[in-house]
Amino acid sequence: MSRELSFSTRLTSLLATMLLLGCGLVVGLNYLKFERILLDQQARVLEIIAEELGRTVENSLALGVQLAGVPGAQSLLERSREAEKLIAGLTISDTGNVVLFDTDRQNIGRALRQDQLAARGPLTGPWRFHNSDGYGIGAPIVNGYGVLEGAILLRYDRAAVDERLAATMLAMVQSFMLAVGMSVPFAALGLHLVTRQTRRWFAAMEEAMQPGAPHLAMTAGLQAAIADADMLLTEAEAQLEQIASQLPDPSSPRQKAAAP
Amino acid sequence: MTSDRHLVSRVVIVAALLLTMAVAFVSHSALRSFEAELRPELEREASVVGEIGARTLQRAIELGVPFGSLSGVDEYLVSLLTAQQGLSYVLLTDAVGQTIASAGGGVGSFSGLPAGTLSPQRGGALMRQLGDSYDAALPILEDGRIVGWIHVGISRARLDSVLADMRWDVLIVLLVVLLATSEFLRFSLFRTVSAPVDLVSRLQARLATGDWTTRAQDNIVSEAGQVVRQLNVLVRRMNDRWDRLRWMATQSDAALRAGAVLDGVRQRLRFGLASVQDGLGTGAASGRLPLFLFVFAEQLSTSFNPIYALELAGGQGGIMGAALPIVAFVAAVALFTPLGGTVVARRGPRDAMLIGLVPAALGHVGAAFCTDLTTFAIARGICGAGYAVVTIACQVHLAQEAPKGRVARSLGGFTAAVMTGAVCGTAIGAVLADRVGFRMTLTLSMALVLVTALLVWRTFVAGGVTEQKPMGLWRSVRAAFAEPRFVLLVLFAAIPAKVLLGGFIFFLAPLELRELGLSQAAIGRNVMLYGLCMLPAIVFGAWLTDRTGRGGLIITLAGVLNGLALLLPLWLEKDTALPLAIIGTGLAQGLASAPMLAIIPTLSSILGAPNSAVMLSFLRLGERFGSVIGPPAAAALFALSSGQQTMLALGVISLATSVGYALSLTIRKRQQEEEV
């Protein structure tokens, strides 16, 4: 018959579960925080680039040119995209949200999607957006008179962040496995040692109930109770056997029934 | 054998050591790896700003302005610096590293690049770490040779602040895991060691008196199960021998003598297997884990309830809107507390807990999927109804299961479990909400409530209705408040304690800490001191009450301590006085907690008084009343005066009520002595 798990094994399993939970929480929560911070940091860098591009366009507007007629705007966008591998696409739109210039020329003339627009109006400064196509940053384009002329939108994906996250995750998973792998045997050993006395007590109790068990101080009460009952029953058995082996008692019902 | 407490302590120490080392190792490795991955991104930010500056200066040189004659450079560098947060300096040096123009306060530790430094390959910036900044240097060229460098320093402060925040989060995770592990281990040890040892001891004591009629239930696991099964075999074997003796006696021809032998045995031993088997019972200790899990689940949302409410209101409703779900919860708890007492008295703690867990789980689901402020407030109200029933049921269970003479310690276990759950839930709930959002955190709350229900269903024993003294609500109210000691307890101890908790800890302390310029995380950590200090104080208060039997005196001293803690701004600076006042409040409320509960069974035993469940529910009702009036009372005082004066006023209230409580008890005691 298979013996069931000892209580120290159960405690070790519980502790191993809590180790997994604790270390897993640290890894999971840190991963989510890393992700947010790295995405934010990437957005900060790209926001600087988007604003700088917006300023370059604004300088051209200062010469009195309309946004749609800024010379070299299309090539500025294409050059900038080439120079920065994180950029997935660049767009310049007018105040009616119609695309004037785009690194993907097919988009020119189309309207911007609602989820790309600034929630509180473009004049409040740069904004960030996130949709099914990826991430993006918008920056307003304002002319020398402070009038809004349009916006520049920079689209990017999170591949670079994912690479860094994967590296971090790998390091965390390695340390997680190492920590849990080292801790569980130590937990088993530690718990085995601290529960030694309790296990001895259980073993002694079990042994004390076996016939002919040696006398132990920790089970003295139980052994005394067993010995008392055993002695009493043995004596009674002996007495009954002695009675049975003696002459029949004339007062017994059997003898009376047998009498003529 | 080692006593239960020593065994629990040793096991918890082993667990704490291993968990701390493992979590510290994983977090250290995670933070190191994160620093390594974030640093290039920070350097890149400096590099991009540097490229913008270098391009502008380069354009001027290309237009024919000699490097040495560039004008307005200082102003330009200032504009670059101010355009981007987190930069410590922007400066321009010549080819030998001498500063020509600079902006920013972090230039103290700057040293220029030596003459002859080559331009970085493939363009880009030359990166160095200078003091607390990462320095990005970009060359300025004139006629193809380097004439100067533009340096952009980005402070490490942002990285350090993020790392510090993450270390705090890791500490919170560690604290929560340690406390939860301790609860789980305590529960497991109770089921596999303490309770079976008690059972074996009980059976052994019976055997010692010659009682061979009782066996143990055979649903016990591990070594204890083996022992119990052996014990059952032993009892069975002895009963078999007795049966054999009886059979021998019936076969005997000498009935009188044989009967005399059996009578001799009967005088010293009793046989015959009873139909009822002795079991482990539920035990006070095993009641802690479900309570801990339930409060943990409930408190996960504590840190963000008002924020979530504001979000759902879409900016409408203001502060009153943010307070609505909290008010709905507290009001529901207050309203359903008496009903909870009745349910417990009628159905027993186990059934009452299972009943109470249903609205609690539904409330969390409702909160997770609600679409507006009204439905969120209704969902929180439903949670409050469940909370009222479950907490009352748990208290009654602990009171019923408490060993004689250890009622205060057992009931102290209730408050300790509630506070442990509250500290863990509040702390980890904030971190979880930050990472996975409010709705996911609330869904997790619901899952934890289901785990609690499963645990109660599996481990609690049905029944516990024995104490029932059927009495209508109004009769119960009259009977409970007819006892002057109960009235004094509610008016001078329970209500003031919760007024201080709601008014100072939940309302005033966060506002005053914010006044000191502390971040939200630091405010949270300071407020958490309350729970952390309360935990050991509860254990000490319970031990002291059981030891001395002077519950009234302990409640009075705790009130005085709380009052003095709130008067600390009279003698100390606010930045020292506030954390100390929070600590003092935690210690005082922890000390008073167990004696307040321990008085209830005594008062309930008085002729005509309602049962413990109903009296506990009235005590809780008083506390809820204090919780409801605490924040608005503190807000009104705050509006009329200042934060410091509000603290002083609350301190005076605490001193006055505790002195009043002591005087009333003394007067009543003298009256009783005179009557005798």
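Quick note on labels: first sequence line is chain A, next is B, and so on, each numbered from 1.
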- At what distance, to the nearest 0.5 angstrom, does CG of B:Leu245 lie from CD of A:Glu235? 11.5 Å
- Side chains of B:Phe184 and A:Thr17: closer than 4.5 Å at any heavy-atom pair? no
- What is the minimum heavy-atom distance between B:Ala30 and A:Phe34, and which atoms define it? O-CZ, 3.4 Å
- Message: Heavy-atom pairs under 4.5 Å with chain A: which of B:Val227, B:Thr209, B:Ile428, B:Leu31 has the most?
- Response: B:Val227
- Item | Distance (rounded to the nearest 0.5 Å) between A:Met205 CE and B:Gln204 CD | 4.5 Å
- Item | Heavy-atom proximity to chain B below 4.5 Å, by part of A:Leu29 | both
- Heavy-atom pairs under 4.5 Å with chain B, option from A:Val27, A:Val184, A:Leu15, A:Leu38 with the top count: A:Leu15
- Please determine, among B:Glu41, B:Arg32, B:Glu51, B:Arg244, the option with the most heavy-atom pairs under 4.5 Å with chain A. B:Glu41
- If you round to the nearest 0.5 Å, how far is CD of A:Glu237 from CE of B:Met248? 6.5 Å
- Message: Counting heavy-atom pairs under 4.5 Å with chain B, which one of A:Arg10, A:Gln239, A:Met172 comes out on top?
- Response: A:Arg10
- Which bit of B:Ala180 comes within less than 4.5 Å of chain A, counting heavy atoms only: side chain, backbone, both or neither? both
- Message: With a 4.5 angstrom heavy-atom cut-off, is it the side chain or the backbone of A:Leu86 that approaches chain B, or both, or neither?
- Response: side chain
- Of all heavy-atom pairs linking B:Val26 and A:Phe176, the shortest is CG2-CA, 3.8 Å
- Query: Do B:Asp434 and A:Lys33 pass the side chain to side chain contact (heavy atoms under 4.5 Å, CB included) test, and can you show the C-alpha distance, the side-chain angles, and the key distance before you say yes or no?
  - Reply: CA-CA 9 Å; B:Asp434 181 56; A:Lys33 181 109 176 176; 4.2 Å; yes
- Considering only heavy atoms and a distance below 4.5 Å, find which of A:Ile48, A:Val180, A:Leu25, A:Leu191 pairs most often with chain B. A:Ile48
- chain A interface, residue from B:Leu17, B:Val200, B:Leu234 that has the most non-hydrogen pairs under 4.5 Å: B:Leu234
- Which answer fits B:Leu185, side chain, backbone, both or neither, if we ask what part of it has an atom under 4.5 Å from a heavy atom of chain A? both
- Task: Check the side chains of A:Thr195 and B:Arg10 for a donor-acceptor pair under 3.5 angstrom, ignoring hydrogens and angles.
- Result: no
- What part of A:Ala224 gets closer than 4.5 Å to chain B, counting heavy atoms only: side chain, backbone, both or neither? neither
- Between atom CG of A:Asn30 and atom OG of B:Ser27, what is the distance when rounded to the nearest 0.5 Å? 7.0 Å
- Task: Mind checking the CD-CH2 spacing from B:Glu223 to A:Trp201? Nearest 0.5 Å is all I need.
- Result: 11.5 Å
- Cut-off 4.5 Å, heavy atoms of chain A, and the answer for B:Ile13 is neither
- Item | Pairwise side-chain contact, B:Met238 with A:Asp230, heavy-atom cut-off 4.5 Å (strictly under) | yes
- Message: Using every non-hydrogen atom in the two residues, find where A:Cys23 and B:Ala22 come nearest and quote the distance to one decimal.
- Response: SG-CB, 3.8 Å
- Query: Can you say whether B:Val173 sits under 4.5 Å from chain A via the side chain, the backbone, both, or neither, judging by heavy atoms?
  - Reply: side chain
- Query: In terms of heavy-atom proximity below 4.5 Å to chain A, should B:Val233 be classed as side chain, backbone, both, or neither?
  - Reply: neither
- Task: Write down the atom of B:Val23, the atom of A:Gly22, and the distance for their closest heavy-atom approach.
- Result: CG2-C, 4.2 Å
- For A:Thr234, is it the side chain, the backbone, both, or neither that has a heavy atom closer than 4.5 Å to a heavy atom of chain B? both
- Message: I'd like to know whether A:Arg164 forms a side chain to side chain contact (heavy atoms under 4.5 Å, CB included) with B:Leu38, so could you lay out the CA-CA distance, the side-chain angles of the two residues, the decisive distance to 0.1 Å, and finally the verdict.
- Response: CA-CA 8 Å; A:Arg164 293 200 181 281; B:Leu38 187 63; over 6 Å; no
- Would you indicate whether A:Tyr31, at its atom OH, is surrounded by more than 12 heavy atoms from other residues, nucleotides or ligands within a distance under 6.0 Å? yes
- Report the C-alpha separation of B:Asp169 and A:Val26 in whole Å, then their side-chain angles, then the decisive distance to 0.1 Å, and conclude whether the side chain to side chain contact (heavy atoms under 4.5 Å, CB included) test is met. CA-CA 8 Å; B:Asp169 287 351; A:Val26 169; over 6 Å; no
- Query: Where on B:Leu231 is there a heavy atom nearer than 4.5 Å to chain A: the side chain, the backbone, both, or neither?
  - Reply: both
- Query: What are the two closest heavy atoms between A:Ala225 and B:Trp212, and how far apart are they?
  - Reply: O-CZ2, 3.8 Å
- Message: Other residues, nucleotides and ligands only: do more than 12 of their heavy atoms fall within 6.0 Å of CZ on B:Arg268?
- Response: no
- Item | N/O donor-acceptor pair under 3.5 Å between B:Glu37 side chain and A:Leu165 backbone | no
- Task: Let me know if A:Arg55 has heavy atoms under 4.5 Å from chain B in its side chain, its backbone, both or neither.
- Result: neither
- Can you measure from CG (B:Asp240) to CG (A:Leu233) and round to the nearest 0.5 angstrom? 11.0 Å
- chain B contacts, top residue of A:Glu207, A:Glu47, A:Glu84, A:Met182 (heavy-atom pairs, under 4.5 Å): A:Glu84
- Message: Quick check on A:Arg200 against chain B: is it the side chain, the backbone, both or neither that has a heavy atom closer than 4.5 Å?
- Response: neither
- Note: vs chain B, highest number of non-hydrogen pairs under 4.5 angstrom among A:Ile226, A:Asp228, A:Leu21 is A:Ile226
- Return the minimal non-hydrogen interatomic distance between B:Leu18 and A:Leu19, and the atom names on each side. O-CD2, 3.9 Å
- Chi angles and distances behind the side chain to side chain contact (heavy atoms under 4.5 Å, CB included) call for A:Glu52, B:Arg55: CA-CA 11 Å; A:Glu52 181 58 18; B:Arg55 212 166 28 238; 4.0 Å; yes
